Amino acid sequence: MAWVKIADALRAEPGRDITIKGWIRTRRDSKADGGLSFLSVHDGTCFDPIQVVARGDLTNYDSEITTLTTGCAVEVDGRLVESQGKGQSVEIQASAVRIVGWVENPETYPASQKRHTFEYLREVAHLRTRTNTFGAVARVRHTICAAIHRFFDERTFYYVHTPIITASDAEGAGQMFRVSTLDLLNLPRRDDGQIDFARDFFGKQSYLTVSGQLNVESFCLALSRVYTFGPTFRAENSNTSRHLSEFWMIEPEIAFADLADNAQLAEDLLKHVCDDLLTGRGDDMAFFELRIDKNVITRLRAIIDKPFRRITYTDAIAELEKSGKNFEFPVSWGADMQSEHERYLTEERFKQPLIVTDYPKDIKAFYMRMNDDGKTVAAMDVLAPGIGEIIGGSQREERLDRLDARIDEMGLPKEQYWWYRDLRRYGTVPHAGFGLGLERFVQFCTGMANIRDVIPFPRAPRQAEF
RNA sequence: UCCCCGAUAGCUCAAUUGGUAGAGCGAGCGGCUGUUAACCGCUAGGUCGUAGGUUCGAGUCCUACUCGGGGAGCCA
């Protein structure tokens, strides 16, 4: 008999004999017709489980089937038929139920059939994927990633694998994880007493990357339109529902382009992915709307249907000043916007995603392109209601003299950026790009409140189990 | 890292002014039913986060630590 995935079985015409394989979600027994059991079986291929009807005349009915519990792994042969009961259109009349893996102690099975808190399930992350919510998150996350790759592929963007290990302190942004093979208990010292990093694995200090951007710019200035999609690492001691120590980031980079092109690309990407998600994972999205966040679908529809609002940092500050709101942190031109400020703009004032552009140079990275006013840079953040910043990007400074001025101004080690500066010396062009935090976007799309629940095995301060 | 809150049964929580622990769900057994958040009955299950302290007596009060949650900072 053909092994059919449950997603396909639920869509198939009744009448076929098939085999399904999966895990028991629930078992319900009936004494009618000489005894029969209803097994709800899921295999993760879709949101819904399939109902298996196991009758009392099966050889292992009394000995095995009636003792099945949530989590047991089974293979079922049977005929796909129209369901006699309510709640499902088709079901399987079993001709054989083979138990592949028992749950050895149902009393302590961590993912038993009852309501569990997300905090608890995080402690059993190896089993939480069998629940409705985490199965749905996993499928949605996959669909988002696939949609992102498809979006770029259709527009002739090339996928570039930038390194995970880096020796440059990249943008000086954030604490980095050190990568070293030195013996911490017996560090090699130079004559002056300093640690001798020349004897470390790479012959110099090295770290896990905080961004693939600098590297991908090199490919951008050769392949025109490129993107990275990989893990990034921040050693910041952040303990929030929006931060991870290890997370995934999508970073497109486009040549012969300015900030407006960049903003348009960001908007197009988000719209495309949201659209793919609603059409491709309607089952999971219906669940998120019902049980997690009653506004998710409305929010995604708004992303797709409405053009994003664009506003300069200067105008955004003006909006905050005339809001009449009593913010905890004062609003002033030149300071970074606080969470409460972003919240006001996206959730109260405009009630939609916002592209804020042209930030003061002093609060942005050295590689961002200086505007003609000499005070602001061609930066942009995409702020989403409920999440905050999901995209941060900029037009890059393509003029070597301006770039050098910024590097000097910020006291960065110019030698380390020699190859990055070379890109400005040999056929430089205006170019731009941004970083999209995958997990924050998955949060936005699902309504999941904690970022640790949208990545398979979260890494955060003091959290690296599994 | 800072502020606030929390930790009691497998899970979610309750326990009056300090007097040595209860419920629901889950689990097991039985009953009923083409069932589907099933329903009814019975049963088992706890070194009250860890270590100290106050007290005749601590789940309850005090201190430290660990872990978790919410908010903030940093950012994606």
Side-chain angles (χ1 to χ4, degrees), chain A residues 25-41 48-56 66-67 69-71 81 83-88 91 93 103 105-124 127 131-132 171 173-175 210-213 231-251 266 291 328-329 336-340 342-343 363-365 381-384 387-393 434-444 449-452 454-455 460-463 465:
Chain A
R25 188 151 269 157
T26 60
R27 190 196 88 235
R28 295 177 294 276
D29 301 323
S30 172
K31 285 293 191 305
D33 300 344
L36 72 164
S37 291
F38 299 93
L39 309 175
S40 181
V41 180
D48 287 317
I50 196 165
Q51 173 159 289
V52 171
V53 182
R55 297 202 168 273
T66 57
T67 66
T69 58
T70 301
V81 298
S83 180
Q84 296 172 30
K86 295 186 176 68
Q88 60 281 318
E91 63 190 20
Q93 289 285 354
V103 166
N105 184 0
E107 165 85 7
T108 58
Y109 179 58
S112 63
Q113 192 56 30
K114 77 171 287 293
R115 294 182 68 90
H116 293 289
T117 59
F118 292 150
E119 292 79 33
Y120 165 71
L121 289 171
R122 218 173 284 149
E123 295 169 12
V124 288
L127 294 169
T131 64
N132 281 334
E171 28 195 297
Q175 286 286 106
V210 295
S211 164
Q213 181 204 318
T232 48
F233 308 86
R234 304 282 166 91
E236 226 88 62
N237 191 7
S238 298
N239 295 285
T240 79
S241 56
R242 300 180 304 283
H243 290 85
L244 290 166
S245 306
E246 176 184 284
F247 63 97
W248 290 66
M249 193 156 63
I250 297 97
E251 298 177 286
R291 290 294 153 98
E328 187 189 340
F329 292 89
D336 220 343
M337 279 194 276
Q338 305 292 316
S339 290
E340 56 173 345
E342 298 178 352
R343 278 235 165 85
I363 58 171
K364 289 295 180 183
D381 283 358
V382 178
L383 308 180
I387 306 291
E389 182 181 344
I390 57 173
I391 283 180
F434 60 82
L436 165 64
L438 175 64
E439 285 76 16
R440 286 196 183 166
F441 189 49
V442 176
Q443 274 189 281
F444 178 79
N450 196 310
I451 200 166
R452 298 173 194 202
V454 298
I455 189 167
R462 297 178 305 282
Q463 185 164 44
E465 193 68 45

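Proteins come first, then strands; the chains are lettered A, B, ... in the order of their sequence lines, and each starts at number 1. All values reported here derive from a predicted model rather than from experimental measurement.
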**OP:** Go through the side-chain N and O atoms of Arg28(A) and Gln51(A) and say whether any donor and acceptor fall under 3.5 Å apart.
**Re:** yes

Original post:
Is a donor-acceptor contact shorter than 3.5 angstrom present between the side chain of Arg55(A) and the base of G34(B)?
Top reply: yes

**OP:** Side chain of Tyr120(A) only, please: which of U35(B), G73(B), U12(B) is the nearest?
**Re:** U12(B)

Original post:
Who does A72(B) pair with, Watson-Crick or G-U, both distances under 3.5 Å?
Top reply: U1(B)

Original post:
Quick one: the side chain of Gln88(A) and the base of G34(B), do they pair up donor-acceptor inside 3.5 Å?
Top reply: no

Original post:
Below 4.0 angstrom from OP1 or OP2 of A76(B), is there any side-chain N or O of Arg242(A)?
Top reply: no

Original post:
Checking only heavy atoms, does the side chain of His116(A) share a donor-acceptor pair with the base of C11(B) at less than 3.5 Å?
Top reply: no

Subject >> Base versus backbone protein contacts along nucleotides 38-43 of chain B [heavy-atom cut-off under 4.0 Å; B, S, -] >> reply: ------

Original post:
C74(B) base to Ser238(A) side chain: any donor-acceptor pair below 3.5 Å?
Top reply: yes

Original post:
Side-chain donor or acceptor of Gln51(A) under 3.5 Å from a matching atom on the base of U35(B)?
Top reply: yes

Subject >> Watson-Crick or G-U counterpart of U8(B), or none if no pair lies under 3.5 Å >> reply: none

Original post:
Would you say Gln338(A) reaches G73(B)'s phosphate, i.e. side-chain N/O to OP1/OP2 under 4.0 Å?
Top reply: yes

Original post:
Under a 4.0 Å N-O cut-off, is there an ion pair linking Asp29(A) with Lys31(A)?
Top reply: no

Original post:
Under 4.0 Å between a side-chain N/O of Ser241(A) and OP1 or OP2 of G71(B), yes or no?
Top reply: yes

**OP:** Please confirm whether any donor atom in the side chain of Glu340(A) sits under 3.5 Å from an acceptor in the base of G73(B), or the reverse.
**Re:** no

Subject >> Proximity to the side chain of Thr117(A) - top-ranked nucleotide from A76(B), U12(B), A27(B) >> reply: U12(B)

Subject >> Euclidean distance, atom CD of residue Glu123(A) to atom P of A7(B) [Å, nearest integer] >> reply: 15 Å

**OP:** Tell which nucleotide pairs with G30(B), taking only Watson-Crick or G-U wobble pairs whose two distances are both under 3.5 angstrom.
**Re:** C40(B)

Original post:
By centroid distance (under 5.5 Å) and plane angle (under 30°), are Phe247(A) and A76(B) in a stacked arrangement?
Top reply: yes

Subject >> Candidate nucleotides U12(B), G73(B), A76(B), ranked by approach to the side chain of Phe329(A) - the nearest >> reply: G73(B)

Subject >> Below 4.0 Å: OP1/OP2 of C2(B) and any side-chain N or O of Asn237(A) >> reply: no

**OP:** Quick one: label Asn105(A) by what it contacts on the DNA or RNA (base, sugar-phosphate, nothing), any heavy atom closer than 4.0 Å.
**Re:** nothing

Original post:
Lys31(A) has an atom NZ; how far is it from atom P of G30(B), in whole Å?
Top reply: 8 Å

Subject >> Counter-base of U63(B), judged by Watson-Crick or G-U geometry with both distances under 3.5 Å >> reply: A51(B)

Original post:
Closest to the Phe38(A) side chain: G34(B), A72(B), A76(B)?
Top reply: G34(B)

**OP:** Please check the phosphate of C65(B) (OP1 and OP2 only) for any side-chain N or O of Arg462(A) closer than 4.0 Å.
**Re:** no

**OP:** Select one nucleotide: of G34(B), C67(B), C74(B), the one nearest the side-chain heavy atoms of Glu236(A).
**Re:** C74(B)

Subject >> Sugar-phosphate only, base, or nothing, as touched by Leu438(A) at under 4.0 Å among non-hydrogen atoms >> reply: nothing

Original post:
Ser339(A) side chain N/O closer than 4.0 Å to the phosphate oxygens (OP1, OP2) of G73(B)?
Top reply: yes

Original post:
In Watson-Crick or G-U wobble terms, both distances under 3.5 Å, what is the partner of G22(B)?
Top reply: C13(B)

